[in-house]
Amino acid sequence: MSKEKKHGQGRHKDAELHVRGRSEYVDDVTPPAGMLTAVPFGSPLAHGTIRGINLDAARSAPGVVCVLTRADLPAEKMIGAIIPDEPLLADETVCFQGQVIALVVAESWAQAVHARSLIEIDIDPLPVITEPRQAFAAGELMFPSRTFEIGNIDKAWAACAHIVEGRCEIGGQEHVPLETNRARALPRENGEITVWSSTQSPYSAQKAVAKVLGIPEHKVEVDVKRLGGGFGGKEDQATHWACHVAVAARRTGRAVELVLSREEDIRMTGKRHPYACDFKLGLDADGKILAYKAELYQNSGAFADLSMPVLERSLLHATNAYNIPNARVMAVCCRTHLAPNTAFRGFGGPQAMFVMESAIAKAADQMGLRRDAIQEVNLLRTGDRFYYGQELEACRMRVTWDEAVEHFELADIRSRAEDFNASNRQFKKGVSVMPVCFGISFTKTFLNQGSALVHIYTDGSIGVTTGGIEMGQGMSSNMIAVAARVFGISPDRIKVEATNTTRVANMSPSAASATSDLNGHAVRLACEEILPGLLETASEMLKVPVAQISIEAERVLVDSSPSELEWQALVLNTYFARRRLSASGFYATPDIGWDGEKGWGKPFAYHVYGTCITEVTVDCLRGIYTVDACKVVHDVGRSINELVDRGQIEGGLVQGLGWMTMEDLVFNDEGRYTSGALSTYKLPDVYFTPDDLRVKLLEPIDNPAGPLGSKAVGEPPLMYGIGVFFAIREAMQAAGAGDVPFHSPITPERVLMGLERARKNKEPRSVRAT
Ligand code: LUZ
Ligand code: MOS
């Protein structure tokens, strides 16, 4: 108990509410009287021209208040974070299956759903493109391609002892937050509106609602208590539903709610981008990488959304954790007829890192080496330069690698796997090492700012509002720890308020792993505005100079010895002395900036490092496998809250394992997701999670760029999951599978087919031999 009271200890502040089912989400709050329900009507085809739509039966169905289409939008009809290319409700052309064409608004959800089934639509089909290479060949580019480059790649090949080439096909990923997308709107006096939205980006929702209603932003209040998961899926695509309920509320003059079903959410919203990639890697005789070239074709979906910044992060992470003197990477957003793909934990980094790791695997095959032999000699060190120009400061890449190899005894793991494989035919083990180096900061430099508002009430309790969103990741626990540390009081006195656009303006999305960094610093700065007044009051009350005063464990100290004066009395007297007990704080990440056009400069405040060893056993008869162990050494700087950080590391890792293995996002040539429900889209569960999941946090070192010396933790661990692909591939190769294609996810089906192909290829030889 006393341990829990200390800053930086204890569980997620919402843990108890969550497990008891008492946490409030958008639709848990008692609805305003007369609230209506809206349901979206989505396009049945992925591409086509709308010939006619008959809404008569729907409009006269029981309980229906209105059915809205594009013509009913009062002002701006287009939305989009980067470029406004997406119709809020479809115009005459539909561009993906599920694109919202109309909104049915009714007294109840059941009535709205019934009325929706009465809509008749006539669409002339147009050709459908689902693959990025196909889109590229057809010239369907969302933006011009981009290339980042260092050294002289064309010259470098000549010096290489080994050159390999290959391709990757990388699957997408559905976010599957427990809480699907949803929003509620309430019209207020004088044309104002309040929107409750499950969004990672309240300001994006506020901006879009203001445009769509044709009113100034100050008339739109967006409030977000918490999310039941976001993972990037609500960074940009929560905006649509906020706009829908706002339009319906404006039209009807009543509160309106929209809650997507799981099937609607999967069908109508974008996912992690699938990529198709080509690579070429050149190495010297010792495995040192001399040259790397790659082309990344991103499956962007139908509209721009965040595809370009995602692509940019792919470019920035294309060399992962390796020092490569000559590199050229081209990347391009390819327009297809899928739902617009979007942010997802890692934000384009994972796909590019998978390509790099595939190239190393191919080289290892050719050179008769293990992958980790090549990885190890190429790891980044302090003073190296990324191929986009940023120099590595305080690089801890090798430290995490060495620590993982030694602490988890990689040599022993290897020899056990080899012994096992020598004495088993049906089952084979594979082992991989996956180093991760991930850059922290929004690549759009202007987004690297955060604000907070801190109130101390006269009873000594504190309310903190930030621009950050609590989406289960534990950022509010971190905010509490920061304020508790500055004031020297118990975290129990501090409450984190709902995020609200009237308390914090212009906030960046909670994304890029930067939420605790940006908002934590802002909380610290706000508290530091209030603290001097408290110390002055104490100085007056105790009649000692301010310089001798501090606060610790809720008590004022004089020269580090406890006085009689406690927090609550101090606050009350500060109020009577008419000193401020409220302040806002503003933080902007210092010392970053880069030229995105040239792909050169310092986009990131710092990097997060880690290494994961993965062990698998493949059943070569059935194609199924188990992940036996994941053993991680991870750099969190000086953790604010170890439990919260471990939660992020384990959760990210398992989400990465799912992406690489079982989360198979299947769509057909008509652009329809055939794995569009949780019965056909398999998520990793607790049974799939490795029994032996160990996380060793690297010896703490203060990170000057993070609050309380911490490092961001949200996204980097996802990329440990990439290792499982190469562990499974290695096990398959132990069974004779040879050149296993770099095609993710590596589902049991693909494992089995890969092994079958190898068996078939071998048959003629064995026939000849007999
Ligand atoms: N979102 C964004 C992100 O807008 N910019 C980024 O750089 C980013 N990085 C990771 C995740 N989300
Ligand atoms: Mo994100 S991919 O919303 O950090």
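Ligands are counted one by one from 1 in listed order, and the atoms in each one are counted from 1 as well.
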Novice: Examine the proximity of ligand 1 to Phe347 and report which part, side chain or backbone, both or neither, has a heavy atom under 4.0 Å away.
Specialist: side chain

Novice: In terms of the angle between their ring planes, are Phe725 and Phe354 parallel, tilted or perpendicular, with boundaries placed at 30° and 60°?
Specialist: perpendicular

Novice: Could you give the side-chain donor-acceptor pairs of residues 437-444 under 3.5 Å, partners two or more places apart or in another chain?
Specialist:
unit_1: Ser441; atom_1: OG; unit_2: Ala605; atom_2: N; d: 3.0
unit_1: Thr443; atom_1: OG1; unit_2: Glu312; atom_2: OE1; d: 3.1

Novice: Do Thr147 and Glu149 pair up side chain to side chain, a donor and an acceptor below 3.5 Å, judged on atom types alone?
Specialist: no

Novice: Should you measure from each heavy atom of Glu715, which atoms of ligand 1 turn up under 4.0 Å away?
Specialist: 10 (C), 11 (C)

Novice: Using the benzene-type ring in the case of Trp, are the ring centres of His317 and Phe604 under 6.0 Å apart?
Specialist: yes

Novice: So for Glu312, does at least one of its heavy atoms come nearer than 4.0 angstrom to any atom of ligand 1?
Specialist: no

Novice: How are the rings of Tyr297 and Phe136 set relative to one another: parallel (under 30°), tilted (30 to 60°) or perpendicular (over 60°)?
Specialist: perpendicular

Novice: Any idea which part of Ala343 is under 4.0 Å from ligand 1, heavy-atom wise: side chain, backbone, both or neither?
Specialist: neither

Novice: From the options Glu235, Gln200, Arg313, select the one whose nearest heavy atom is closest to atom 1 (N) of ligand 1.
Specialist: Glu235

Novice: What part of Lys444, side chain from CB on, backbone N/CA/C/O, both or neither, has a heavy atom under 4.0 Å from ligand 1?
Specialist: neither

